[in-house]
**Student:** 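Sharing a structure, written as structure tokens. Questions coming.
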Amino acid sequence: MTDGRGATNSPGMGLPDLVAARKEIAQFPGWSDPETETGAMWFIASLAIGGVVQEAFALHGVCLKYAPEKNIAFELKALGPKRRKIPLARYEWRSLRGGHTNARRSGSPVSGQRVGATHYHSFDLNWFEAEGRMRSGNLPQAMSIEQEPQSFESLKDEVGNLFRINNISVVSPPPWEYEMFGHG
């Protein structure tokens, strides 16, 4: 658990330490069944650092059953006070929303910029160092990805590198449904 200032129940590990640490997926639970209303599929995998599972730290993945090879997001999350989920970093690949407009923030190198459908909400852009906390607004700052991954496997490799997850290969491809007509 974090205390709202970015400290966790792991001795000496605040949010910046968790994000910067080399980590592993403790166990990949598999993708959920698609939600009836939206077709959304997801997983939440606990993360381990130095062989110790961090109870309040996870990798979350989400996609749509009928949108193969697009609209996938991976997010690092921590649990904060009252078990509130705190997003720490997010990578969005080929978002169906078409991109993201950054909030205007003084001192941000990406303030007010519009980024494309594939973009990265890095921890560093969204960490408010002066107050030791994440900026409000669900990761309001993102940067464009110039070399978009061309497959799910290359997406996993990039996310593994950015999130410092050694065994990202344990994440299986989503059970997408490819249809010629309909949902796509």
Side-chain angles (χ1 to χ4, degrees), residues 19 23-47 57-79 84-103 105 108 110-127 134-184:
V19 174
K23 55 196 80 67
E24 293 186 343
I25 295 171
Q27 180 179 6
F28 179 64
W31 291 89
S32 70
D33 290 334
E35 295 175 353
T36 305
E37 295 282 321
T38 64
M41 300 182 293
W42 52 271
F43 71 84
I44 299 175
S46 295
L47 296 170
F57 189 42
L59 175 67
H60 179 225
V62 66
C63 68
L64 297 173
K65 181 174 181 83
Y66 300 106
E69 303 288 332
K70 58 185 163 210
N71 206 57
I72 299 173
F74 286 100
E75 186 172 75
L76 286 178
K77 291 185 176 186
L79 287 179
R84 186 177 64 91
K85 293 179 180 111
I86 302 169
L88 304 175
R90 182 172 54 249
Y91 192 105
E92 296 184 48
W93 187 49
R94 300 176 178 169
S95 170
L96 295 178
R97 289 181 296 222
H100 168 83
T101 301
N102 289 322
R105 303 261 192 239
S108 171
V110 295
S111 178
Q113 291 180 11
R114 176 89 180 149
V115 296
T118 298
H119 54 275
Y120 176 45
H121 298 259
S122 75
F123 177 80
D124 292 340
L125 283 176
N126 292 285
W127 177 248
M134 298 304 293
R135 294 187 183 280
S136 58
N138 191 18
L139 302 174
Q141 304 290 298
M143 63 180 79
S144 290
I145 299 298
E146 300 305 321
Q147 293 288 320
E148 177 182 290
Q150 297 301 304
S151 68
F152 182 75
E153 290 304 313
S154 61
L155 168 64
K156 283 193 320 185
D157 289 344
E158 182 148 331
V159 168
N161 287 331
L162 291 170
F163 289 5
R164 301 178 59 84
I165 299 173
N166 298 331
N167 66 340
I168 193 79
S169 61
V170 301
V171 175
S172 64
W176 285 305
E177 199 165 298
Y178 293 83
E179 292 188 356
M180 290 184 75
F181 306 103
H183 300 89

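Quantities reported herein were computed from a predicted structural model and do not represent experimental measurements. Numbers here are sequence positions counted from 1.
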**Student:** Is the shortest side-chain heavy-atom distance between Glu153 and Pro173 below 4.5 Å?
**Tutor:** yes
**Student:** At their closest point, which heavy atom of Leu96 faces which heavy atom of Ala67, and how far apart are they?
**Tutor:** CD1-CB, 4.5 Å
**Student:** State, to 0.1 Å, how close Gly39 and Pro34 come at their nearest heavy-atom pair, and which atoms those are.
**Tutor:** O-CB, 3.9 Å
**Student:** When rounded to the nearest 0.5 angstrom, what is the spacing between CD1 in Ile165 and CG in Asp157?
**Tutor:** 12.0 Å
**Student:** Side-chain contact, heavy-atom cut-off 4.5 Å: Ile44 with Lys77?
**Tutor:** no
**Student:** Would you please test Trp93 and Ile145 for side chain to side chain contact (heavy atoms under 4.5 Å, CB included) and show each step?
**Tutor:** CA-CA 9 Å; Trp93 187 49; Ile145 299 298; over 6 Å; no
**Student:** List the atom of Met143, the atom of Ser122, and the distance in Å for their closest heavy-atom pair.
**Tutor:** CE-OG, 3.7 Å
**Student:** Report the relative orientation of the aromatic rings in Trp176 and Phe152; use parallel for angles under 30°, tilted for 30 to 60°, perpendicular for over 60°.
**Tutor:** perpendicular
**Student:** NE2 of His119 to CD of Glu92: how many Å apart, nearest 0.5 Å?
**Tutor:** 3.5 Å
**Student:** Between Asn138 and Arg90, is a side chain to side chain contact (heavy atoms under 4.5 Å, CB included) present by the stated rule, with each step listed?
**Tutor:** CA-CA 10 Å; Asn138 191 18; Arg90 182 172 54 249; 3.3 Å; yes
**Student:** Measure the CD-NZ distance between Glu177 and Lys65 for me, rounded to the nearest 0.5 Å.
**Tutor:** 4.5 Å
**Student:** With no hydrogens and no angle check, is any side-chain donor or acceptor of Asn126 less than 3.5 Å from a backbone partner on Gln141?
**Tutor:** yes
**Student:** Rounded to the nearest 0.5 Å, what separation is found between the CG atom of Asp124 and the OG atom of Ser108?
**Tutor:** 11.5 Å
**Student:** Can you give me the closest heavy-atom contact between Ala142 and Leu125, atom names plus distance?
**Tutor:** C-CD1, 4.0 Å
**Student:** May I ask you to test the Glu158-Tyr120 pair for a side-chain heavy-atom distance under 4.5 Å?
**Tutor:** no
**Student:** Are the side chains of Phe43 and Leu59 in contact, using a 4.5 Å heavy-atom criterion?
**Tutor:** yes
**Student:** How long is the span from the CZ atom in Phe74 to the CG atom in Leu162, to the nearest 0.5 Å?
**Tutor:** 12.0 Å
**Student:** Please confirm whether the backbone N or O of Glu146 pairs with a side-chain atom of Glu148, one donor and one acceptor, at under 3.5 Å?
**Tutor:** no
**Student:** Side chains of Leu155 and Ile72: does their closest heavy-atom pair fall under 4.5 Å?
**Tutor:** yes
**Student:** Quick one, Val170 and Gln27 - any side-chain contact, counting heavy atoms below 4.5 Å?
**Tutor:** no
**Student:** So which heavy atom on Pro87 is nearest to which on Met134, and how close?
**Tutor:** O-CE, 3.6 Å
**Student:** Does some side-chain heavy atom of Asn102 sit less than 4.5 Å from a side-chain heavy atom of Ser111?
**Tutor:** no
**Student:** Do Arg94 and Thr118 have side-chain atoms, one donor and one acceptor, less than 3.5 Å apart?
**Tutor:** no
**Student:** Given side chain to side chain contact (heavy atoms under 4.5 Å, CB included), test Leu76 with Leu47 step by step and report yes or no.
**Tutor:** CA-CA 9 Å; Leu76 286 178; Leu47 296 170; 3.6 Å; yes
**Student:** Could you walk me through whether Asp33 and Met41 pass side chain to side chain contact (heavy atoms under 4.5 Å, CB included), step by step?
**Tutor:** CA-CA 6 Å; Asp33 290 334; Met41 300 182 293; over 6 Å; no
**Student:** Can you give me the closest heavy-atom contact between Glu75 and Leu139, atom names plus distance?
**Tutor:** OE2-CD1, 4.0 Å
**Student:** Please work out which of the three classes, parallel, tilted or perpendicular, describes the rings of His121 and His100, given edges at 30° and 60°.
**Tutor:** perpendicular
**Student:** Look up atom CZ in Phe28 and atom CG in Asn167, then write down how far apart they are to the nearest 0.5 Å.
**Tutor:** 11.0 Å
